Amino acid sequence: MDRVDERLNRPKGFGEILDLTFSLSKNKLRDFFFISLIFMGPIYLIQALISLASGVSFFREFGVGEAWHEKIISSFDGTESVSLGTTLVGITSFFLFPVASAATLLVVNRIRKNEAYTIISAIKQAFSRYGPIIGSSILFSLITIGLIFVSVMIVIFIFIAAAASSSTIGVVLGITLSLTIAIGIAYLLTRWSFYFGSAVLGEGSPGFTRSWKLTRNRGWPLIGLYIIFSLIIGVINVTIEFTFGMFLGNSVLLSMIISLASIFTTMIFSVGYAVMYLDLKVRHDADDLKEMIEDYNVVQ
């Protein structure tokens with residue numbers, strides 16, 4: 001068993017999880033990228049074709065204005081075709097992209113067990129869990145929307161009350177409570193977010209209870225990892241869009257380059273999520289084993 005396999009089978013620290021994520025992404029780049037490309041590529045291609053059919057230039061698209069930067073900025077003004085393409089990607093991705101993440105998790109789990117795999121077999125296994133995966137994802141989305149809606153209402157009420165009081169203390173208190181609510185939501189969603197791994201591996205669905213147990217005493221490090229992955233993905237996407245956008249404007253070619261970058265960053269996040277989930281699983285299984293040993297010793 002190689003070095004990567006060994007790290008997958010023992011508890012890892014914050015830095016080790018990041019290092020292992022990028023090691024796996026590099027060593028298995030072809031497999032993981034191809035899995036993401038299969039599900040995400042056709043959707044982005046349709047989006048590009050819609051833009052092309054609506055009259056958007058393939059190579060360079062500039063708007064109106066005297067200076068070159070004004071032409072570039074004006075080219076990014078929203079159009080109905082762009083909205084249609086974005087809506088299509090949003091709806092379709094919700095029902096297809098999770099399968100790519102599930103297949104990625106299954107491949108990483110096979111690597112952890114040092115088992116042979118093929119991309120096709122991983123995708124087939126992911127589709128066999130399609131019902132629990134989508135059902136759990138819909139439920140998680142509804143919970144997220146509900147928490148955000150209720151929190152926004154509470155924050156609005158707090159700031160209205162603070163403004164009515166015309167008190168500096170009231171404003172400061174409102175900001176503090178708003179930040180506290182935001183942190184609380186992030187903590188809850190993080191503790192529940194590993195429902196997906198449970199649904200994929202058939203360890204229970206919707207999997208919120210198992211996710212809560214797995215993330216015991218690991219909530220804050222996991223939030224930190226999510227933040228790091230989000231920052232990395234955000235920097236890559238913004239850098240590519242800004243760099244190529246200076247020369248291509250809001251062209252179809254730019255959208256295709258951004259789509260490829262999105263496939264790549266989604267792949268990294270999927271691998272990172274798989275490493276995080278399997279790390280939690282290893283920790284939880286180790287704790288269960290310790291409890292069994294302790295119970296056995298007590299009985300003796």
Side-chain angles (χ1 to χ4, degrees), residues 1-36 98-126 128-129 132-133 190-205 207-226 228-229 232 266-297:
M1 185 177 293
D2 59 21
R3 181 167 170 266
V4 171
D5 291 335
E6 291 177 357
R7 286 188 292 173
L8 279 169
N9 283 286
R10 60 177 172 80
K12 292 165 286 296
F14 191 98
E16 282 185 296
I17 290 176
L18 291 174
D19 181 62
L20 182 55
T21 296
F22 293 113
S23 294
L24 282 171
S25 299
K26 177 183 176 182
N27 296 334
K28 300 292 182 179
L29 176 62
R30 184 182 63 180
D31 293 347
F32 292 135
F33 187 80
F34 188 62
I35 289 173
S36 297
V99 183
S101 297
T104 299
L105 172 57
L106 291 168
V107 169
V108 176
N109 192 42
R110 292 283 185 87
I111 294 173
R112 180 179 72 89
K113 295 179 178 180
N114 202 20
E115 296 177 350
Y117 71 89
T118 64
I119 294 175
I120 299 301
S121 65
I123 292 175
K124 286 182 178 179
Q125 188 177 355
S128 70
R129 300 293 304 165
I133 290 171
T190 299
R191 292 290 305 271
W192 286 325
S193 66
F194 292 91
Y195 76 91
F196 185 81
S198 178
V200 171
L201 297 182
E203 297 172 345
S205 57
F208 300 120
T209 300
R210 176 163 173 77
S211 178
W212 189 267
K213 292 179 180 178
L214 288 175
T215 56
R216 184 180 59 183
N217 300 324
R218 295 289 296 170
W220 300 115
L222 292 171
I223 290 176
L225 286 167
Y226 275 138
I228 294 297
F229 282 122
I232 292 172
T266 301
M267 177 205 75
I268 292 176
F269 182 82
S270 297
V271 175
Y273 180 91
V275 173
M276 291 162 66
Y277 181 81
L278 294 176
D279 177 67
L280 294 172
K281 182 177 170 64
V282 168
R283 290 174 182 272
H284 185 265
D285 292 344
D287 289 341
D288 286 348
L289 181 61
K290 289 180 181 178
E291 291 179 2
M292 291 175 61
I293 294 174
E294 290 175 358
D295 292 341
Y296 176 77
N297 291 332

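Starting from 1, each residue takes its place in the sequence as its number. Fair warning: this is a prediction, and the values are worked out from it, not measured in the lab.
- Under the salt bridge (Lys or Arg N to Asp or Glu O under 4.0 Å) criterion, Arg129 pairs with no residue, sequence neighbours left out.
- Proximity of Thr21 to Phe229: side-chain heavy atoms (C-beta onward) are separated by under 4.5 Å at one or more points.
- For Phe34, the CZ atom sits in a loose shell: 12 or fewer heavy atoms of surrounding residues, nucleotides or ligands are nearer than 6.0 Å.
- Between the OG atom in Ser23 and the CG atom in Leu18 there is a gap of 10.5 Å [rounded to 0.5 Å].
- Rounding to the nearest 0.5 Å gives a distance of 13.0 Å between CD1 of Ile223 and CD1 of Ile228.
- Judged by distance alone, the side chain of Thr215 and the main-chain N or O of Trp212 form a donor-acceptor pair under 3.5 Å.
- For Ser211 (side chain) and Phe208 (main-chain N/O), no donor-acceptor pair under 3.5 Å exists by modelled atom type.
- Of the residues listed (Asn27, Ile268, Val107), the one engaging Phe32 in a side-chain contact (heavy atoms from CB on, under 4.5 Å) is Val107, and it is the only one.
- For Tyr273 and Phe194, the ring centers sit closer than 6.0 Å to each other.
- Between Leu278 atom CG and Leu8 atom CG the span is 6.5 Å, to the nearest 0.5 Å.
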Tell me, with the steps shown, if Phe269 and Ile232 meet side-chain contact (heavy atoms from CB on, under 4.5 Å).
-> CA-CA 10 Å; Phe269 182 82; Ile232 292 172; over 6 Å; no

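- The existence of a salt bridge linking Lys12 and Asp19 is excluded, since no basic side-chain nitrogen approaches an acidic carboxylate oxygen closer than 4.0 Å.
- Taking the side chain as every heavy atom from C-beta outward, Gln125 and Arg110 approach each other to under 4.5 Å.
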Let me see the working for Arg10 and Arg7 under side-chain contact (heavy atoms from CB on, under 4.5 Å), right down to the final yes or no.
-> CA-CA 6 Å; Arg10 60 177 172 80; Arg7 286 188 292 173; 3.3 Å; yes

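- The two residues Ala102 and Ala126 make their nearest non-hydrogen contact at CB-CB, 3.8 Å.
- Side-chain contact between Leu222 and Leu280: present, with at least one pair of heavy atoms (C-beta onward) separated by less than 4.5 Å.
- Glu203 is listed as a side-chain neighbour of Lys281, based on a closest heavy-atom distance under 4.5 Å.
- The heavy-atom pair separating Ala122 from Leu106 by the smallest distance is O-CD1, 3.6 Å.
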Are His284 and Arg210 close enough, and set up right, to give a side-chain contact (heavy atoms from CB on, under 4.5 Å), and what steps lead you there?
-> CA-CA 10 Å; His284 185 265; Arg210 176 163 173 77; 4.1 Å; yes

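- Ser101 and Ser270 are linked by a side-chain donor-acceptor pair at a separation below 3.5 angstrom, with hydrogens and angles left out of the test.
- With 3.5 Å as the limit, one finds no donor-acceptor pair spanning the side chains of Ser198 and Tyr277.
- Not counting sequence neighbours, Lys28 has no partner by the salt bridge (Lys or Arg N to Asp or Glu O under 4.0 Å) test.
- When every heavy atom of Gly13 is checked against every heavy atom of Glu16, the shortest pair comes out as N-OE1, 3.0 Å.
- For the atom pair CD1 (Ile119) and CG (Asp31), the distance works out to 4.5 Å, reported to the nearest 0.5 Å.
- Taken from CG in Leu29 to CZ in Phe22, the straight-line distance is 13.0 Å, to the nearest 0.5 Å.
- Separating the CZ atom in Phe196 from the CG atom in Leu201 is a distance of 9.5 Å, to the nearest 0.5 Å.
- A donor atom on one side chain and an acceptor atom on the other are found under 3.5 Å apart for Ser121 and Thr118.
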Would Val108 and Arg112 count as a side-chain contact (heavy atoms from CB on, under 4.5 Å) if you check the C-alpha gap in whole Å, the side-chain angles of each, and the deciding distance to 0.1 Å?
-> CA-CA 6 Å; Val108 176; Arg112 180 179 72 89; 5.7 Å; no

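- Using a 4.5 Å heavy-atom threshold, the side chains of Ser25 and Met267 count as touching.
- Considering every non-hydrogen atom in both Asn9 and Val282, the closest pair reads O-CG1, 3.9 Å.
- Side chain of Arg283 to backbone of Pro11: no donor-acceptor contact under 3.5 angstrom is found.
- Here the side chains of Ile133 and Val99 are not in contact, with every heavy-atom distance at 4.5 Å or above.
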